[in-house]
Amino acid sequence: RKASGIVDLFGDAEKPMPLFLTEADPWPQSERLAREFAAIGAYLSAHPIDDYAALVKARGGLTWRAFLEQLRATHQLTGLVGATVVQRQEWRPRAGGRIGIVTLSDPTGQFEATVYQERLADWREALEPGQSLLLQIGGELDPDAEEVRARIQHLEPLEAVAARKTTAIRVLLDATEPVERLGRRLD
């Protein structure tokens with residue numbers, strides 16, 4: 001090739017150039033998930049709700065798929081669902097006010113839910129993309145069109161729910177003297 005004047009696009013194939021990568025700390029999970037979603041529109045390595053799955057279940061919450069299955073059986077349902085906000089759009093209908101359409105995601109899929117004017121202003125900050133929430137959702141199913149209408153009736157950030165989680169500690173003592181000191185520390 002050299003004799004004919006042809007140059008390889010990637011340089012001399014006989015002698016590969018060494019690749020030097022600088023050492024870097026791995027991204028925290030929240031940043032990695034945000035970057036995955038920004039790059040391809042889906043979570044690959046995990047889902048933000050995964051860390052809260054046991055808490056959601058303990059509170060009686062469902063996955064979106066389980067909510068849909070129950071909704072298909074009853075055609076109307078109110079239940080708790082843990083989900084992460086993907087997008088929030090607001091629009092003003094002819095009647096006035098503002099309505100929010102929120103795209104949400106959990107490990108079983110994405111869905112949209114409506115927030116009406118009465119609560120939109122109060123919840124606007126919590127409905128920012130990336131926020132993980134415990135939602136009380138009212139759902140209706142039109143069996144003929146297979147159309148689901150979901151409305152957010154109440155919401156709470158999952159971080160706040162986790163912070164209030166009841167914890168207990170059991171202390172076993174073989175003498176009564178430390179009880180008073182321990183009591184002062186716990187107060």
Side-chain angles (χ1 to χ4, degrees), residues 27-166:
W27 289 327
Q29 182 173 340
S30 60
E31 184 176 352
R32 184 181 72 241
L33 293 175
R35 288 178 183 256
E36 285 175 3
F37 195 87
I40 63 166
Y43 299 106
L44 292 176
S45 59
H47 193 282
I49 295 299
D50 291 347
D51 291 339
Y52 300 106
L55 178 63
V56 170
K57 188 175 181 178
R59 296 283 302 259
L62 303 168
T63 63
W64 176 246
R65 182 177 295 152
F67 183 87
L68 276 180
E69 288 170 4
Q70 288 185 20
L71 183 61
R72 284 189 178 100
T74 61
H75 302 288
Q76 194 168 7
L77 178 67
T78 299
L80 292 175
V81 175
T84 299
V85 177
V86 173
Q87 180 181 18
R88 182 191 76 226
Q89 297 176 329
E90 295 182 24
W91 60 280
R92 189 179 301 274
R94 290 183 187 149
R98 291 186 87 62
I99 292 179
I101 304 296
V102 184
T103 304
L104 299 146
S105 170
D106 84 345
T108 65
Q110 281 193 358
F111 60 99
E112 287 186 344
T114 305
V115 179
Y116 291 104
Q117 167 183 331
E118 309 85 52
R119 302 303 248 155
L120 185 58
D122 296 338
W123 294 342
R124 190 170 277 119
E125 189 175 312
L127 291 170
E128 287 296 319
Q131 294 292 320
S132 293
L133 307 169
L134 184 62
L135 306 156
Q136 182 177 2
I137 296 181
E140 294 179 11
L141 175 72
D142 179 351
D144 297 327
E146 277 291 312
E147 182 179 306
V148 174
R149 284 177 295 223
R151 182 170 57 96
I152 299 174
Q153 297 175 336
H154 183 74
L155 66 78
E156 194 170 3
L158 275 167
E159 281 186 14
V161 175
R164 281 196 327 272
K165 185 177 146 189
T166 305

- Where do Val81 and Leu104 land on the side chain to side chain contact (heavy atoms under 4.5 Å, CB included) test, with the steps shown first? CA-CA 10 Å; Val81 175; Leu104 299 146; over 6 Å; no
- Item | Worked verdict on Thr103 versus Gln110 for side chain to side chain contact (heavy atoms under 4.5 Å, CB included) | CA-CA 7 Å; Thr103 304; Gln110 281 193 358; 3.9 Å; yes
- Message: I need the full list of ring pair (Phe, Tyr, Trp, His ring centres under 6.0 Å) pairs touching residues 48-79, with sequence neighbours left out, sorted by first then second residue.
- Response: Trp64-Phe67, Trp64-Phe111
- Task: Could you pull out all residues at least two apart from Ala66 that satisfy side-chain contact (heavy atoms from CB on, under 4.5 Å)?
- Result: Leu62, Thr63
- Message: My understanding is that only residues two or more places apart in sequence, or in another chain, count here; which of them pass side chain to side chain donor-acceptor pair (under 3.5 Å) with Gln70?
- Response: none
- Query: According to the salt bridge (charged side-chain N to carboxylate O under 4.0 Å, His left out) rule, which pairs have a member within residues 106-120, sequence neighbours left out?
  - Reply: Arg119-Asp122
Just verifying a value: how many Å separate [X] [atom1] and [Y] [atom2], rounded to the nearest 0.5 Å?
X	Y	atom1	atom2	value
Leu135	Gln153	CG	CD	10.5 Å
Gln136	Ile152	CD	CD1	11.0 Å
Arg149	Asp142	CZ	CG	6.0 Å

- Message: Looking at Arg151 and Glu140, is there a salt bridge between them, counting it only when a charged N and a carboxylate O are closer than 4.0 Å?
- Response: no
- Task: Considering only NZ, NE, NH1 and NH2 on the basic side and carboxylate oxygens on the acidic side, decide whether Arg35 and Glu31 come within less than 4.0 Å.
- Result: yes
- Message: One pair to check against side chain to side chain contact (heavy atoms under 4.5 Å, CB included): Arg72 and Glu146. What are the steps and the verdict?
- Response: CA-CA 9 Å; Arg72 284 189 178 100; Glu146 277 291 312; 3.6 Å; yes
For residues 40-48, dump all side-chain donor-acceptor pairs below 3.5 Å to protein atoms at least two apart in sequence or in another chain.
{"residue": "Ser45", "atom": "OG", "partner": "Arg32", "partner atom": "NE", "Å": "3.0"}
{"residue": "Ser45", "atom": "OG", "partner": "Arg32", "partner atom": "NH2", "Å": "3.4"}
{"residue": "Ser45", "atom": "OG", "partner": "Glu36", "partner atom": "OE1", "Å": "3.4"}
{"residue": "Ser45", "atom": "OG", "partner": "Glu36", "partner atom": "OE2", "Å": "2.7"}
{"residue": "His47", "atom": "ND1", "partner": "Ile49", "partner atom": "N", "Å": "3.1"}
{"residue": "His47", "atom": "NE2", "partner": "Ser105", "partner atom": "OG", "Å": "2.9"}

- Note on the structure: Heavy-atom closest pair (Thr78 atom, Gly138 atom, distance to 0.1 Å) is OG1-CA, 4.0 Å
- Flag the pair Leu55 / Leu134 as yes when at least one side-chain heavy-atom distance between them is below 4.5 Å, and no otherwise. no
Donor-acceptor pairs under 3.5 Å, side chain of residues 124-133 to any protein atom, not counting sequence neighbours: which ones?
{"residue": "Arg124", "atom": "NE", "partner": "Glu90", "partner atom": "OE2", "Å": "2.8"}
{"residue": "Arg124", "atom": "NH2", "partner": "Glu90", "partner atom": "OE1", "Å": "3.0"}
{"residue": "Glu128", "atom": "OE2", "partner": "Arg88", "partner atom": "NH1", "Å": "3.0"}
{"residue": "Ser132", "atom": "OG", "partner": "Thr84", "partner atom": "OG1", "Å": "3.0"}

